[in-house]
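Heads up, the thing below is written out as structure tokens.
Reminder, nothing fancy here: chain letters follow the sequence lines and each chain counts from 1.
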Amino acid sequence: MPELPEVETIKRDLQEIILGKKITEVCVYNPAVIREPSPDVFKKSLKGLVVKNILRRGKLLILELSNGLSLTIHLKMTGQLVYPGGSKNSRVAFHLSGGKILDFNDQRLFGELRLVDDWRKIKFIRGLGPEPFDLTYADFRDMLSKKKTKIKPLLMDQSFISGIGNLYASEILFRAKIDPRRPAQSLTKAEKGVLYKETREVLSSAIVHGGSSIDDYVRLSGEPGGYVKFHRVYGRQGKLCFVCKGLIKKIAQGGRGTYFCPKCQR
DNA sequence: AATGGGACCTGCGCGC
DNA sequence: TGCGCGCAGGTCCCAT
């Protein structure tokens, strides 16, 4: 968390609210989250710039600014953007034209803010695989056929496909009825087709509902996203499967929790 | 190429 | 009650 649907939701919220606004002041309360340039230069350079465009690539938010620079924001696990803000716990406060504040909160300080000349050149962006919604079925099928990796960690691999994290990987595989431990290349053509379809459906439905408010994720307004009620397996270990009434199981894969129904997912 | 582990962090829930 | 421990996961990095 947050993954593609949450970041996309925040992107759309930001487009409604802060597009065209000017950054009048930046207050840095914890410099650890500013990865480049130095916090001092970051703060001074942003002052007076207007937000011209707001994009998302994978789980990265990109704010294109009036002088050609871009502010990139990675929320990692506990990052939040809240408007109107002004919380005492914020790490960075962006004062905007109109007098209100956009807060960047981040309890665990994993989040990353960067001010860069060209966001396309940053290492993280260069390493990203295709966006799920830009990927054709033919390409997806071919990509899977080349991989021996287990399917669940593969879906979370940002160089393979961008934007899917631990929560949605589990949810997508449940709906596709595929065991998360299966080697990717062992999937049948039919399974690949279902996986492709469910990847798009789960992600787009999650976006429609404003993302999943698990842990710290909130929308720009501070309100929760509404997709949690559609979760079928994530965080449900030991509970009954909604489809077969069997028990949902939790296993570790690559140091991360994987949730699945051993009966429904083969 | 694939896989596993640790590092970065901090609040929370658990067991004792 | 209070304490210490492990866990949560996005990404990078190193080792095998």
TODO: Can you tell me which stems DNA chain C forms, taking runs of 3 or more consecutive Watson-Crick or G-U pairs with both distances under 3.5 Å?
DONE: B:2-8 with C:10-16, B:10-16 with C:2-8
Task: Option passing salt bridge (charged side-chain N to carboxylate O under 4.0 Å, His left out) with A/Glu112 (candidates A/Lys123, A/Arg91, A/Lys76) - done: A/Lys76
Task: Distance in angstrom units between A/Arg108 CZ and B/dC12 C1', rounded - done: 10 Å
Open item on the list: Which is more 5' along DNA chain C, the nucleotide nearest A/Leu167 or the one nearest A/Lys123? Just name the residue.
Closed with: A/Leu167
Open item on the list: Whole angstroms only, please: what is the CZ-C1' distance between A/Arg91 and B/dG11?
Closed with: 12 Å
TODO: Starting at atom CG of A/Asn30, determine the distance to atom C1' of B/dC9, rounded to an integer number of angstrom.
DONE: 11 Å
- [ ] Take the protein atom CD1 of A/Ile214 and the nucleotide atom C1' of B/dG11, then report the distance between them rounded to whole Å.
- [x] 16 Å
Open item on the list: Students often get this wrong, so: under 4.0 angstrom with heavy atoms, is A/Gly257 touching a base, only sugar-phosphate, or nothing?
Closed with: sugar-phosphate
Task: Sole candidate of A/Lys152, A/Glu171, A/Gln253, A/Glu3 that passes side chain to side chain donor-acceptor pair (under 3.5 Å) when paired with A/Asn166 - done: A/Lys152
Task: Among B/dG11, B/dA2, B/dC9, the nucleotide that comes nearest once only the side chain of A/Lys148 is considered - done: B/dA2
TODO: Taking ring-ring contact (aromatic ring centres under 6.0 Å, His included) as the test, write out the residues that go with A/Tyr234, two or more places apart.
DONE: A/Tyr259
Open item on the list: How many whole angstroms separate atom CD of A/Gln107 from atom P of B/dG11?
Closed with: 5 Å
Task: Atom-to-atom span, CE of A/Met77 to P of B/dA7 - whole angstrom - done: 15 Å
TODO: Go through the steps to decide whether A/Leu65 and A/Lys52 satisfy the test side chain to side chain contact (heavy atoms under 4.5 Å, CB included), and finish with yes or no.
DONE: CA-CA 5 Å; A/Leu65 305 166; A/Lys52 288 292 196 184; 5.9 Å; no
- [ ] Pick out which of A/Asn30, A/Asn89, A/Thr78 makes a side chain to side chain donor-acceptor pair (under 3.5 Å) with A/Asp106.
- [x] A/Thr78
TODO: Can you tell me, in whole Å, how much space there is between the P of B/dC9 and that of C/dC3?
DONE: 25 Å
- [ ] Indicate whether OP1 or OP2 belonging to B/dA2 is found under 4.0 Å from a side-chain N or O atom of A/Lys147.
- [x] yes
TODO: Remember a base hit wins even if backbone is also touched, and classify A/Glu112 as base, sugar-phosphate or nothing at under 4.0 Å, heavy atoms.
DONE: nothing
TODO: Please state whether the rings of A/Phe124 and A/His74 are parallel, tilted or perpendicular, taking 30° and 60° as the class boundaries.
DONE: perpendicular
Task: Among A/Arg182, A/Arg266, A/Lys177, A/Lys197, salt bridge (charged side-chain N to carboxylate O under 4.0 Å, His left out) partner for A/Glu191 - done: A/Arg182
TODO: Using the P atoms only, state how far C/dG9 lies from B/dC14, rounded to an integer number of Å.
DONE: 16 Å
Task: Residue pair A/Leu19 / A/Leu14, side-chain heavy-atom distance below 4.5 Å - done: no
Task: Length of the line joining A/Lys76:NZ and B/dA7:P, which is rounded to integer Å - done: 17 Å
Open item on the list: For a 4.0 angstrom threshold against heavy atoms of chain A, report the outermost contacting nucleotides of DNA chain C in 5' to 3' order.
Closed with: C/dA8 to C/dC13
- [ ] Mind running side chain to side chain contact (heavy atoms under 4.5 Å, CB included) on A/Phe94 and A/Asp103 for me, showing each step along the way?
- [x] CA-CA 6 Å; A/Phe94 299 92; A/Asp103 275 345; over 6 Å; no
Task: Length of the line joining A/Asp106:CG and B/dC9:C1', which is rounded to integer Å - done: 9 Å
- [ ] Can you label the angle between the A/Tyr227 ring and the A/His209 ring as parallel, tilted or perpendicular, going by 30° and 60°?
- [x] tilted
Open item on the list: Can you work out whether A/Arg256 or A/Lys146 has the more 5'-proximal nearest nucleotide on DNA chain B?
Closed with: A/Lys146
